[in-house]
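What follows is a short report on a single structure.
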Amino acid sequence: MAEPDYIAAYTHGERCVPARAALVLVDMQYATGSRQGALARRHLDDPATRDALTYRFDRIEHLVVPNQQRLIADCRRSGARVVYIRNGARRPDAADAAPHMRRLYRDLACHHGSPEHRILDELAPEPGDIIVDKSTIGAFASTGIDSVLRALSVSHLIVTGISTNMCVETTAREAADRGYAVTLVEDACATTHADLHASTLRNFSRLFGRVRSTGDIHTELAT
């Protein structure tokens with residue numbers, strides 16, 4: 001559903017300019033982003049959560065990862081930055097993490113150096129890419145990402161990843177409130193329920209920033 005004109009008129013419409021843009025991949029790690037990861041091993045076979053997680057991992061495998069691969073290639077070719085956000089604790093007991101994240105990190109063994117903390121092999125960073133480690137839902141609350149982006153003269157973030165309505169949305173909102181132009185790539189994000197995904201995109205498009213497709217960003221970075 002299109003938003004009323006009075007909202008659309010106030011939401012930024014800035015196109016991506018490669019020299020000032022960065023692709024942000026949020027939490028594309030084995031812990032929660034892979035059917036072989038800890039979240040899937042613990043909950044995929046549970047009848048109460050099977051459908052939601054099947055939807056999640058199907059979307060990640062068949063849509064999100066291929067579209068992120070395309071965007072990564074577009075950014076590297078055009079000169080835009082590629083930034084990976086990793087979610088997890090520094091300690092195995094997660095004592096260093098925000099209290100509301102500790103049980104998740106412990107249960108999924110998502111801490112620095114663990115297999116679960118790794119970025120998916122299909123999306124592996126290359127030399128020159130930026131990796132930022134966070135221990136909160138949003139990337140700006142627990143990292144120096146703002147200083148890094150400003151030092152690189154980045155003013156536009158192309159945000160992708162998981163989960164749409166949690167870490168992706170919070171990071172994107174934080175960025176908008178700090179003065180960045182932000183574009184959420186709707187077909188390069190995933191969560192556990194289609195309605196949560198759709199609601200996030202609709203709400204974000206009300207003042208926070210743009211919602212676009214991978215194809216839209218491909219075109220902008222090529223022109």
Side-chain angles (χ1 to χ4, degrees), residues 12 16 20-34 37 39 60 64-65 67-68 71-72 75 80-91 94 96-102 104-105 108 110-114 116-120 123-126 128-186 188-191 196-197 200-201 203-204 207-212 217:
H12 92 83
C16 297
R20 300 198 303 272
L23 173 66
V24 180
L25 296 97
V26 179
D27 300 356
M28 296 304 299
Q29 298 159 254
Y30 281 94
T32 59
S34 170
L39 181 67
I60 289 171
V64 174
V65 168
N67 283 337
Q68 288 179 331
L71 291 168
I72 290 169
C75 287
R81 304 285 183 171
V82 180
V83 179
Y84 293 84
I85 308 298
R86 289 191 306 198
N87 192 13
R90 292 189 176 277
R91 294 164 49 110
D96 61 296
H100 64 292
M101 301 298 289
R102 289 173 186 167
L104 177 71
Y105 293 153
L108 302 187
C110 189
H111 57 266
H112 287 220
S114 75
E116 303 296 338
H117 193 253
R118 288 175 48 230
I119 295 166
L120 301 181
L123 302 169
E126 292 187 356
D129 294 339
I130 308 298
I131 300 175
V132 177
D133 289 314
K134 69 181 176 72
S135 57
T136 49
I137 291 175
F140 285 81
S142 58
T143 78
I145 187 173
D146 189 40
S147 296
V148 172
L149 294 173
R150 295 190 191 282
L152 295 171
S153 299
V154 170
S155 59
H156 195 141
L157 303 187
I158 306 161
V159 183
T160 71
I162 53 177
S163 295
T164 313
N165 60 308
M166 294 292 290
C167 296
V168 172
E169 179 181 19
T170 304
T171 297
R173 285 185 180 218
E174 288 177 332
D177 275 350
R178 285 165 172 77
Y180 294 92
V182 185
T183 299
L184 278 185
V185 187
E186 57 92 9
C189 299
T191 187
L196 292 177
H197 179 81
T200 295
L201 299 180
N203 194 57
F204 187 80
L207 294 183
F208 288 104
R210 303 188 308 166
V211 175
R212 294 292 187 271
I217 303 305

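All residue numbers refer to positions in the sequence shown, counting from 1. Side-chain atoms are counted along with the backbone in the values below, which use heavy atoms only and exclude waters and symmetry mates.
- In this structure Phe204 satisfies the ring-ring contact (aromatic ring centres under 6.0 Å, His included) test together with Phe208, sequence neighbours excluded.
- Remark: the Thr136 side chain and the Ser142 side chain contain an N/O donor-acceptor pair separated by less than 3.5 Å.
- A salt bridge is absent between Arg178 and Glu174: the closest approach of a Lys/Arg side-chain nitrogen to an acidic carboxylate oxygen does not fall below 4.0 angstrom.
- A 4.5 Å side-chain heavy-atom check between Thr160 and Leu71 finds at least one atom pair inside the cut-off.
- Residues forming a salt bridge (Lys or Arg N to Asp or Glu O under 4.0 Å) with Arg210 (at least two apart in sequence, or on another chain): Glu220.
- Of all heavy-atom pairs spanning Leu157 and Ala175, the tightest one is CD1-CB, 3.6 Å.
- Side-chain contact between Leu149 and Val83: present, with at least one pair of heavy atoms (C-beta onward) separated by less than 4.5 Å.
- What you find for Ala31 and Leu108 is that their closest heavy atoms are O-CD1, 4.2 Å.
- The aromatic rings of Tyr180 and Phe140 lie tilted to each other, with the angle between the two planes from 30° to 60°.
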Before giving the answer on side-chain contact (heavy atoms from CB on, under 4.5 Å), spell out for Ile85 and Thr143 the whole-Å C-alpha distance, their side-chain angles and the decisive distance to 0.1 Å. CA-CA 10 Å; Ile85 308 298; Thr143 78; over 6 Å; no

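- Considering CG of Leu184 and CZ of Arg212, their distance stands at 11.0 Å, rounded to 0.5 Å.
- A distance of 3.5 Å separates OG1 of Thr191 from CG of Asn165, quoted to the nearest 0.5 Å.
- Looking at every heavy atom in both residues, Ala94 comes nearest to Tyr105 through CB-CB, 3.9 Å.
- Under the 4.5 Å side-chain criterion, counting only non-hydrogen atoms from C-beta, Ile72 is not in contact with Glu126.
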Go through it in stages, so that I can follow the logic: the residues are Met101 and Lys134, the test is side-chain contact (heavy atoms from CB on, under 4.5 Å), and I'd like the CA-CA distance, side-chain angles, deciding distance and then a yes or no. CA-CA 11 Å; Met101 301 298 289; Lys134 69 181 176 72; 5.7 Å; no

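- A distance of 14.5 Å separates NE2 in His111 from OG in Ser135, rounded to the nearest 0.5 Å.
- Summarising the local packing, CE of Met166 is surrounded by 12 or fewer heavy atoms from other residues, nucleotides or ligands at distances under 6.0 Å.
- Rounding to the nearest 0.5 angstrom, the gap separating the OG1 atom in Thr171 from the CG atom in Asp27 is 7.0 Å.
- Note that CD of Glu186 and CD1 of Ile217 are 10.5 Å apart. Values are rounded to the nearest 0.5 Å.
- By the 6.0 Å contact criterion, CZ on Arg86 is enclosed, its count of non-hydrogen atoms from other residues, nucleotides or ligands being greater than 12.
- Note: Ser163 OG to Ile137 CD1 = 10.0 Å, rounded to the nearest 0.5 Å.
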One pair to check against side-chain contact (heavy atoms from CB on, under 4.5 Å): Gln29 and Glu116. What are the steps and the verdict? CA-CA 7 Å; Gln29 298 159 254; Glu116 303 296 338; over 6 Å; no

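- The shortest side-chain heavy-atom distance between Ile162 and Met28 falls under the 4.5 Å cut-off.
- The shortest non-hydrogen separation linking Ala139 to Ile145 is O-CG2, 3.9 Å.
- Residues Arg90 and Asp133 share a closest heavy-atom pair of NH2-CB, 4.5 Å.
- Across all their heavy atoms, Cys189 and Val159 have their closest contact at SG-O, 4.1 Å.
- Under a 3.5 Å cut-off, the side chain of His12 and the backbone N or O of Val182 do form a donor-acceptor pair.
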Is there a side-chain contact (heavy atoms from CB on, under 4.5 Å) between Cys110 and Leu104 once you walk through the steps? CA-CA 8 Å; Cys110 189; Leu104 177 71; over 6 Å; no

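- Taking 4.5 Å as the limit, some side-chain heavy atom of Leu25 sits within range of a side-chain heavy atom of Gln68.
- Within the 4.5 Å cutoff, the side chain of Leu120 has heavy atoms near those of the Tyr30 side chain.
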